[in-house]
Amino acid sequence: MEREKILVIDFGGQYNQLITRRVREKNVYAEVVPYKKALDAIKKEKPIGLIFTGGPNSVYDAKSPDIDPEILDMGLPILGICYGMQLIAKNMGGTVTKSDKREFGKTKTMVDPASKLFDGLDVEQTTWMSHVDYVKELPEGFRTVASTDSCPVAAMENREKNIYAIQFHGEVNHTENGHEIIDNFLKKVCHAKGDWNMHDFANEAKRAIQEKVGDKKVLLALSGGVDSSVCAKLLVDAIGENLICIFVDHGLMRKNEGDEVEEAFKDTGMHFIRVDAKDRFLKRLKGVTDPEQKRKIIGEEFIRVFEDEGRKIGAVDFLAQGTIYPDVIESGAGDAAVIKSHHNVGGLPAVVDFKDLIEPLRDLFKDEVRQLGEAIGLDPKLVWRQPFPGPGLAIRVMGEITEEKLDILRDADYIFRDEIAKAGMDHDINQYFAVLTNNRSVGVMGDFRTYDYTLALRAVTTSDFMTADWARIPYEVLDKVSVRIVNEVEHINRIVYDITSKPPATIEWE
Ligand SMILES: Nc1ncnc2c1ncn2[C@@H]1O[C@H](COP(=O)(O)OP(=O)(O)OP(=O)(O)O)[C@@H](O)[C@H]1O
Ligand SMILES: O=c1[nH]c(=O)c2[nH+]cn([C@@H]3O[C@H](COP(=O)(O)O)[C@@H](O)[C@H]3O)c2[nH]1
Ligand SMILES: NC(=O)CC[C@H](N)C(=O)O
Ligand SMILES: [Mg+2]
């Protein structure tokens, strides 16, 4: 049976993957397609509808991304968002112009509930806008179905042609009823049944893996974290004994973590290898202080370890990794800016043993990965672990990495995690850890002067790790953590709590 699918046509917007995710949340499968490949993809995939994304350009610039006009005549339901709406207007005979003021942020919007898009909603809505260009004249056959004080056409529709468009971003949470609007498009315009779920995703991912791998061997980079553990389960279900899991103990793990990971996979029947690579990682990181340089060295060294292990096994064609969407986007995929280079993104180095990468989770957000883990029956302890970055404590020791600093950080971090668990907050806070800053300050202990490190505590709440808020940990808990750490861990005499959200900060400090 053909699965219902929505294609999200990418014009370079920041929220494209978020759009696909909103669609998947409504139990309709969706995937992003670059605009240049849209026509081919439509013919091949036979979607039930299209969504055109936003984008940074202006439609009237000659060099801007455009749509193949044939697509607008195929009779497929279309939802244009922002740039996507402007493209529809331009291509169908309307006009788009630059406004003299930018409309940005939450905006009062009057909608017409008689439009299928706004069915069931009140006339007055809050939407989230981010644009300077706007549709000045409607294309023929369209009518206005929403407006704001400064934007006469905040949404338009052509019922006969099943083409709908919104100037605001319905995919972001700041648009009060964005979920309903997208759901209306799916159910009332595309007539989606909405019967897709993570079990289907798992089955298709397994089938794709089997097809790609055949009877060859796959080496999985397994950290014991959520993403690679979900990958391990998916792969072992798909290819059984042809899967070999390599856990690299790079000496940058948290206290006791290496043993815990080994314990978790020991009796699963999977082929599991723990590699002690501490010396080679620390040697390469010696004297390195720049965060991006640390990340690049670690990413490269990981691959070299996998290669060495692959050679020992012989004839391993594929390297699998638990790369997920936020890793990809923050490392600067497509036209997005590089925030930080995640160690596992950027593809394989030019000279490498492996023929290809297998990354079945590349399109998913963290919480979707967890849903998938639950759907395929992964141990809940693994599904609900807090994430831990591949470069490990290397990016939590500011400045140069030494064994002494790593040990200080491990002990302090352990106490912080222990107290959070004792306070029963380990499920409410999505990620929490300590950072050893490169700052020293003067203190007094037992009548003596100390001149020691400042430790920072970081704790955040988030569902997708793309944005995050700092966790409101009660003072009493922070107090306990602080007293314990300065008493139990030598060389820390001052503790600060990080109260920045993401953005503008990131979760990790480097
Ligand atoms: N110590 C390690 N040994 C082997 N592979 C690793 C290690 N650390 C990271 N990786 C690889 O890099 C990928 C990305 O790391 P990342 O930390 O984002 O994911 P994870 O560890 O699987 O899950 P989580 O985000 O929950 O920690 C992992 O999925 C895994 O394939
Ligand atoms: O595997 C990883 N390799 C990396 O290089 C990396 N950098 C950040 N992280 C994790 O990603 C999430 C978002 O982190 P940031 O807000 O610091 O970018 C948080 O969960 C971070 O712990 C990484 N994970
Ligand atoms: N976010 C967008 O898609 C912006 C579209 C267009 N560049 C504008 O400013 O109106
Ligand atoms: Mg990890």
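All ligand and atom numbering here is 1-based and tracks the order in the structure.
Taking distance alone, with nitrogen or oxygen atoms compared against 3.5 Å, Q386 stays at or beyond that limit from ligand 1. Considering backbone and side-chain N/O atoms, G322 comes within less than 3.5 Å of an N/O atom of ligand 1. For ligand 1, the polar-atom distance check finds no N/O of A320 at less than 3.5 Å from any of the ligand's N/O atoms. By the 3.5 Å distance cut-off applied to N or O atoms, I507 is counted among the residues near ligand 2. Between K366 and ligand 1, a contact under 3.5 Å exists for at least one N or O pair. An N or O contact shorter than 3.5 Å links G390 to ligand 2 by distance. For ligand 1, none of its N or O atoms has an N or O atom of M253 under 3.5 Å away. Among the atoms of A221, some N or O lies under 3.5 angstrom from an N or O of ligand 1. Not a single N or O atom of L220, backbone or side chain, sits closer than 3.5 Å to an N or O atom of ligand 1. Note: an N/O pair closer than 3.5 Å links S223 and ligand 1 by distance alone. The N/O atoms of S228, backbone and side chain alike, include one that comes under 3.5 Å of an N/O atom in ligand 1.
Atom numbering of ligand 2 starts at 1 in the shown order; those under 4.0 Å from a heavy atom of T506 are 15 (P), 16 (O), 17 (O). Those atoms of ligand 2 that come under 4.0 Å of a heavy atom in K502, given as number and element, are 13 (C), 15 (P), 16 (O), 18 (O).
Ionic pairing of R207 and E204 is not present here: no N-O contact between side-chain nitrogen and carboxylate oxygen is shorter than 4.0 angstrom. In this structure, D237 pairs ionically with K233, as a charged nitrogen and a carboxylate oxygen lie closer than 4.0 Å. Salt bridge K278/E403: present, at least one basic N to carboxylate O contact under 4.0 Å. Salt-bridge formation is detected for the pair E292/K296: a Lys NZ or Arg NE/NH1/NH2 atom is positioned less than 4.0 Å from an Asp or Glu carboxylate oxygen. Ion pairing of E257 with R385 is present here, as a side-chain N (NZ or NE/NH1/NH2) and a carboxylate O approach within less than 4.0 Å. A salt bridge is defined here as a Lys NZ or Arg NE, NH1 or NH2 lying under 4.0 Å from an Asp or Glu carboxylate O, and D367 with R21 meets this definition. A salt bridge links K366 with D227; the closest basic N to acidic carboxylate O contact falls under 4.0 Å. Electrostatic pairing of E374 and R370 does not count as a salt bridge here, judged by no charged N lying under 4.0 Å from a carboxylate O. Between E301 and R304, no side-chain nitrogen of the basic residue sits less than 4.0 Å from a carboxylate oxygen of the acidic one, so the salt-bridge criterion is not met.
Contacts between D249 and ligand 1, counted as non-hydrogen atom pairs separated by less than 4.0 Å, are absent for every part of the residue. Only side-chain heavy atoms of P391 come within less than 4.0 Å of ligand 2; its backbone N, CA, C and O stay farther off. Contact annotation for F306 and ligand 1: only side-chain heavy atoms (C-beta onward) come within less than 4.0 Å of the ligand.
The environment of NZ in K206 is crowded: more than 12 heavy-atom neighbours from other residues, nucleotides or ligands sit within 6.0 Å. The neighbour count for Y497 OH, taken as heavy atoms of other residues, nucleotides or ligands under 6.0 Å away, is above 12.
The closest heavy-atom contact to atom 5 (O) of ligand 2, among the options K294, R295, R396, E510, comes from R295. Among D227, V261, V275, the residue whose heavy atom lies nearest to atom 18 (O) of ligand 1 is D227.
The structure places CZ of R417 at 11.0 Å from CD1 of I420, a figure rounded to the nearest 0.5 Å. Between E508 atom CD and K502 atom NZ the span is 9.0 Å, to the nearest 0.5 Å.
Formation of a donor-acceptor pair under 3.5 Å by the T175 side chain with backbone atoms of N177 is not found in this model.
Closer than 2.8 Å to the Mg ion (ligand 4) sit the protein N, O or S atoms F388 O.
Taking the six-membered ring where tryptophan is involved, the planes of Y15 and W128 are perpendicular, since the angle between them exceeds 60° and thus also 30°.
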